[in-house]
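Written out below as structure tokens is the structure these notes cover.
By convention in this document, chain letters (A, B, ...) are assigned in the order of the sequence lines, proteins followed by strands, and residues within each chain are numbered from 1.
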Number of protein chains: 2
Amino acid sequence: MHSAFVQMDGVKRSLHVQLAREIARKILSGEVAQNEIIPGEMTLCEQFKVSRTSLREAIKLLTSKGLLESKPKVGTRVTGRENWNFLDSQLLDWLIDIGDNEAVYRDFLSLRNALEPEAAALAAMNATAQQRIQLSATFQRMDDISKDFNVETWTEADLEFHRLIFLSTGNSFYLPFANVLCTMFKSFITHSSIQGSTCINEHRAIYSAIMAGDSDKARQANIDLLSKSKRRLPNSTK
Amino acid sequence: MHSAFVQMDGVKRSLHVQLAREIARKILSGEVAQNEIIPGEMTLCEQFKVSRTSLREAIKLLTSKGLLESKPKVGTRVTGRENWNFLDSQLLDWLIDIGDNEAVYRDFLSLRNALEPEAAALAAMNATAQQRIQLSATFQRMDDISKDFNVETWTEADLEFHRLIFLSTGNSFYLPFANVLCTMFKSFITHSSIQGSTCINEHRAIYSAIMAGDSDKARQANIDLLSKSKRRLPNSTK
DNA sequence: GAATAGTATTTGTAATACTATTCTGAGCTA
DNA sequence: TAGCTCAGAATAGTATTACAAATACTATTC
């Protein structure tokens, strides 16, 4: 391998990340089974035509996300599915890349159902002054776009709105969802399936409640939004 | 460095994992600020007395969890807090190790509030036959222990019960919470603060509803359990 | 003064050698 | 025969060195 970096998907990626992606695909797609021992390092080096250094960095990356597990003498084993960290946005990106995203979208919607109302309630209580300013600016943009609708700008503003709510909860455990949300949205966009309706009134209700510091109203408004947008999808809870 | 593995916390860890832990501590504790550029690889090698190979593996581990970001010539930068993956159980382990866990416990309880009722509802619908068998066995153990109480065995069974619910949702995004829950429980145990009460009746209600496939009842029963145990803690929503 | 080319510094990749761990199995012991 | 101990082999872990690629910075030129 002569060039260390390769153009791919429009962005430059280091070699070990590309490698990790390839291996992750095989694991996530089930091409290599769970609890299976993958070939030894030297074998994989020859197979992928990379140095052991890079291969190991790729394996370490996957290990860190719970996909692999290495031990001397025994080898590197694919772990059980219950150990994959599905809330890692990079892993999610790989997962989406496989295609067959019906189940992924459905499961994610189910998670949003559980989380977003509570996140909105927390944001109403804990959002900082700066976060409230950002939320205001974003909602203003949504409001403008809803009057002169444009799919692209709307999608971006909508994403930013819900992302800010997660970031404004004041709860560290909600932060990762902001990135996961971004990854899912990007996939929604490229795979179309965006709805035209903006639900601007429902969004306004959430926004107002958060700004007013009314957590109960924020929670309920978010529930309303979800139940309204849910009706336009196949069926969210399976 | 002569010995590759070192006894630590009772378990053997590879060098790069120990290194990652040390660096993670500095980041999570705020000893090194966000967006700060950390010293170059060679400098850190000398500082920690390790090879560049191991140091890089440590950095890659932290990068994978969103704590660091490297670019040629510019160096390795600590990312913003909104990129830490707090739902990674290894990262959580490091975080707990720092101490000052008041906020962590509170935030985690808040997350459980949002998630567990929905998880119970999903489990009622989607648990497989085998998962129902495991849940039965675990609840049976809880029931026995509640009559002849013992803190250790109870805690273990209680953990297993709630863990199984997450695993039985049939939703990939809920799986990581099973591991996060384990990590938190382990911390609860070592730092005491375990309550005596078992809430066996509330647990029984959840169990029965799941076995009966009644998702609404399962959700409500889980809400009841949380509201009851919440009252015994300082204040959960801040 | 601005654009361009060159240079230096830092991370990325490669290749090799050696170490630590642990599975396997042979051989010994009870 | 069953079980234990120890040696060896296989594999991941660590170290060292060398070079490549990327980019911030500097100098040169127009």
Under-4.0 Å side-chain N/O to phosphate OP1/OP2 contact, [X] with [N]:
| X | N | value |
| --- | --- | --- |
| B:H16 | D:dG13 | no |
| A:S54 | C:dA14 | yes |
| B:K60 | C:dG12 | yes |
| A:R56 | D:dA12 | no |

Give the C-alpha distance, both sets of side-chain angles, the deciding distance and a yes or no for ring pair (Phe, Tyr, Trp, His ring centres under 6.0 Å) between A:F161 and A:H203.
CA-CA 9 Å; A:F161 183 78; A:H203 278 99; 5.5 Å; yes
Do any of residues 36-47 of chain B sit with a heavy atom less than 4.0 Å from DNA chain C, and if so which?
B:G40, B:E41
Closest listed nucleotide, where the reference is the side chain of A:T53 and the choices are D:dG13, C:dG12, C:dA14
C:dA14
I'd like to know whether A:I96 forms a side-chain contact (heavy atoms from CB on, under 4.5 Å) with A:M184, so could you lay out the CA-CA distance, the side-chain angles of the two residues, the decisive distance to 0.1 Å, and finally the verdict.
CA-CA 8 Å; A:I96 290 170; A:M184 292 299 285; 3.8 Å; yes
Length of the [atom1]-[atom2] vector between [X] and [N], whole Å:
| X | N | atom1 | atom2 | result |
| --- | --- | --- | --- | --- |
| A:R52 | D:dT16 | CZ | P | 16 Å |
| B:F48 | D:dT14 | CZ | P | 15 Å |
| B:E69 | C:dG12 | CD | P | 11 Å |
| A:L15 | C:dA15 | CG | C1' | 15 Å |
| A:K49 | C:dA14 | NZ | C1' | 16 Å |
| A:L19 | C:dG12 | CG | C1' | 13 Å |
| B:L55 | D:dT16 | CG | P | 13 Å |

Can you list everything that forms a ring pair (Phe, Tyr, Trp, His ring centres under 6.0 Å) with [X]? Sequence neighbours excluded, please.
| X | value |
| --- | --- |
| B:F108 | A:F173 |
| A:H16 | none |
| B:Y174 | none |

Through what angle, rounded to 10 degrees, does the axis of the helix from C:dG1-D:dC30 to C:dA30-D:dT1 turn between its ends, using five pairs per end?
10°
Specify whether B:W154 and B:F149 have parallel, tilted or perpendicular ring planes, treating 30° as the upper limit for parallel and 60° as the lower limit for perpendicular.
tilted
Closest nucleotide of DNA chain C for A:K71 versus for A:E57: which of these residues is on the 5' side?
A:E57
Establish, from distance only, whether the side-chain atoms of B:T128 and B:Q131 form a donor-acceptor pair under 3.5 Å.
yes
Quick one: do the A:R56 and B:T53 side chains pair a donor with an acceptor below 3.5 Å?
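Not at all, the side chains of A:R56 and B:T53 share no donor-acceptor pair under 3.5 Å.
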Return the polar atom pairs (N/O with N/O) between nucleotides 7-10 of chain D and the protein under 3.5 Å, or none.
unit_1: D:dA10; atom_1: O4'; unit_2: A:K73; atom_2: NZ; d: 3.1

Could you check whether any side-chain N or O of A:R77 sits under 3.5 Å from a backbone N or O of A:N35, counting only pairs where one atom can act as donor and the other as acceptor?
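Judged by distance alone, yes, a pair lies under 3.5 Å.
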Just by modelled atom types, is the A:N150 backbone N or O under 3.5 Å from a matching donor or acceptor in the A:T153 side chain?
yes
So does A:E57 pair up with A:K60, basic N to acidic O under 4.0 Å?
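The answer is no: the pair does not qualify as a salt bridge.
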Taking the side chain as everything from C-beta on, heavy atoms only, tell me whether A:L135 gets closer than 4.5 Å to A:Y207.
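Yes. Closest side-chain heavy atoms under 4.5 Å.
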Specify the residue among B:V74 and B:S51 whose closest nucleotide of DNA chain D lies further upstream toward the 5′ end.
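Nearer the 5' end of the strand: B:S51.
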